[in-house]
Amino acid sequence: MTTIRPRRSALYMPGSNARALEKAREIAADVLILDLEDAVAPEAKATARVQVCAAVQAGGYGRRELVIRVNGAGTPWFAEDLAAAAAARPSAILIPKVSSPETLHDVGNRLAGLRADPATAVWAMIETPLAILDVERIARTAGEPATRLACLVMGTNDLAKETRARFVPGRATMLPWLTSALLAARAHGIDILDGVYNDIRDEAGFQAECEQGRDLGFDGKTLIHPAQVGPANAIFAPDAAELARARAVIAAFDLPENAGKGAIQLDGRMVELLHAEMARRTVALADAIAA
């Protein structure tokens, strides 16, 4: 099994807010997305770029993944953002509004030219109608080492804006996008994060959407406020009962009398080897979170 990296909570932090960047060192998010794009006004872009890259280079964020979201290809800030981000050596660089594989090929070529650290991955925002229509080909580029693609991030606000879809409880308007992107990510072995929940005060609605995202198969959720971190961490982690079931399945298949069997009975239920594989992933995720 490949190494699992918990990505239950990915908190956007405005790169222009130096105090927020400092405070982020104490927030228990698995991922911090230091933003140079939507959260930063045009006149503050250059300052944000300097602050974010300095914060990443200074460190002090523990084992959190640090991701820099640059401004999109075609904007006046893209080239400088990408060069500065590459030099700062974050865990990943998040590219907004990726609508075709060609964008990721271009980013990969640019990063090669910048001699970016091979350990710096690329994440792609899926937030345009064209991205949804072409999401399988976008995800497929993860098989090309030059693109560095490791994760898709749903941009549900931008998708709603472009399609005129409304936000409704249960997200029936968005399920086709969410499931299409999730299938593409899983088909090509990369992670995928759910979009943000906009109403910070609606704790019940946020919890319900986290549970929906978890049940659909997302690895975690992107967040807009530190108060959302704790609930997301709890919901996207295996609970005690789930972990106990997983350990029981693994233990049953490890018994000598079950060696070589493709299916066994456990507590009155038929359990197959695929369930053992799922159980091992559940335990590995719990262990990675504990670590």
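Count residues from 1 along the sequence.
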Grab the two heavy atoms, one from [X] and one from [Y], that are nearest each other, plus how far apart they are.
| X | Y | value |
| --- | --- | --- |
| Arg186 | Gly217 | NH2-O, 2.7 Å |
| Val153 | Leu94 | CG2-CD1, 3.9 Å |
| Leu159 | Pro129 | CD2-N, 4.0 Å |
| Val40 | Ala48 | CG1-CB, 3.8 Å |
| Ala28 | Asn233 | O-ND2, 2.9 Å |
| Ala263 | Met270 | CB-SD, 3.9 Å |

[X]-[Y] co-clustered via ILVMFWY side chain contacts under 4.5 Å:
| X | Y | answer |
| --- | --- | --- |
| Tyr61 | Val56 | yes |
| Phe206 | Met174 | yes |
| Leu32 | Met154 | yes |
| Leu114 | Phe78 | yes |
| Tyr12 | Ile126 | no |

So [Y] and [X], do their side chains get closer than 4.5 Å, heavy atoms only?
| X | Y | value |
| --- | --- | --- |
| Thr128 | Asp158 | no |
| Met125 | Arg69 | yes |
| Arg7 | Trp123 | yes |
| Ile93 | Val107 | no |
| Met13 | Ile27 | yes |
| Phe236 | Ile289 | no |
| Leu36 | Lys45 | no |
| Ile250 | Arg280 | yes |

How many angstroms lie between atom [atom1] of [X] and atom [atom2] of [Y], to the nearest 0.5 angstrom?
| X | Y | atom1 | atom2 | value |
| --- | --- | --- | --- | --- |
| Leu175 | Leu182 | CG | CG | 11.5 Å |
| Ile33 | Ile224 | CD1 | CD1 | 12.5 Å |
| Asp106 | Thr147 | CG | OG1 | 12.0 Å |
| Arg245 | Leu266 | CZ | CG | 11.0 Å |
| Thr282 | Arg247 | OG1 | CZ | 10.0 Å |
| Gln265 | Asn258 | CD | CG | 11.0 Å |

Quiz item: Can you list the steps and then say if Thr120 with Leu111 is a side chain to side chain contact (heavy atoms under 4.5 Å, CB included)?
Solution: CA-CA 10 Å; Thr120 298; Leu111 290 175; 5.9 Å; no
Please report, to 0.1 Å, the donor-acceptor pairs under 3.5 Å made by any side chain of residues 14-24, with sequence neighbours excluded.
residue : atom : partner : partner atom : Å
Asn17   : OD1  : Arg19   : N            : 3.1
Asn17   : OD1  : Ala20   : N            : 2.9
Glu22   : OE1  : Arg25   : NH1          : 2.9

Practice problem: Run the numbers on Val271 and Phe253 for side chain to side chain contact (heavy atoms under 4.5 Å, CB included), then give the verdict. | Solution: CA-CA 9 Å; Val271 182; Phe253 271 100; 3.7 Å; yes
So, [X] side chain and [Y] main chain: donor-acceptor pair closer than 3.5 Å or not?
| X | Y | result |
| --- | --- | --- |
| Thr173 | Arg166 | yes |
| Asp35 | Ala39 | yes |
| Thr222 | Ala10 | no |
| Thr141 | Arg137 | no |

Are the charged groups of [X] and [Y] less than 4.0 angstrom apart, N to O?
| X | Y | result |
| --- | --- | --- |
| Glu37 | Lys97 | yes |
| Asp267 | Arg269 | no |
| Asp30 | Arg8 | yes |
| Glu277 | Arg281 | no |

Practice problem: For the pair Thr156 and Leu178, evaluate side chain to side chain contact (heavy atoms under 4.5 Å, CB included) and give the outcome as yes or no after the intermediate values. | Solution: CA-CA 9 Å; Thr156 43; Leu178 298 171; 4.1 Å; yes
Quiz item: How far apart are the C-alpha atoms of Lys221 and Leu223, what are their side-chain angles, what is the distance that settles it, and do they pass the side chain to side chain contact (heavy atoms under 4.5 Å, CB included) test?
Solution: CA-CA 6 Å; Lys221 192 160 183 66; Leu223 312 173; 4.2 Å; yes
Quiz item: Distance only, no hydrogens: is a donor on one side chain within 3.5 Å (strictly under) of an acceptor on the other, for Gln207 and Glu211?
Solution: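 Yes - a donor-acceptor pair under 3.5 Å links their side chains.
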Practice problem: Have a look at Asp194 and tell me which of Arg171, Arg214, Gln212 forms a side-chain hydrogen bond (donor to acceptor under 3.5 Å, both in side chains) with it. | Solution: Arg171
[atom1]/[X]: more than 12 non-hydrogen atoms of other groups inside 6.0 Å:
| X | atom1 | answer |
| --- | --- | --- |
| Lys161 | NZ | no |
| Arg64 | CZ | yes |
| Glu102 | CD | yes |

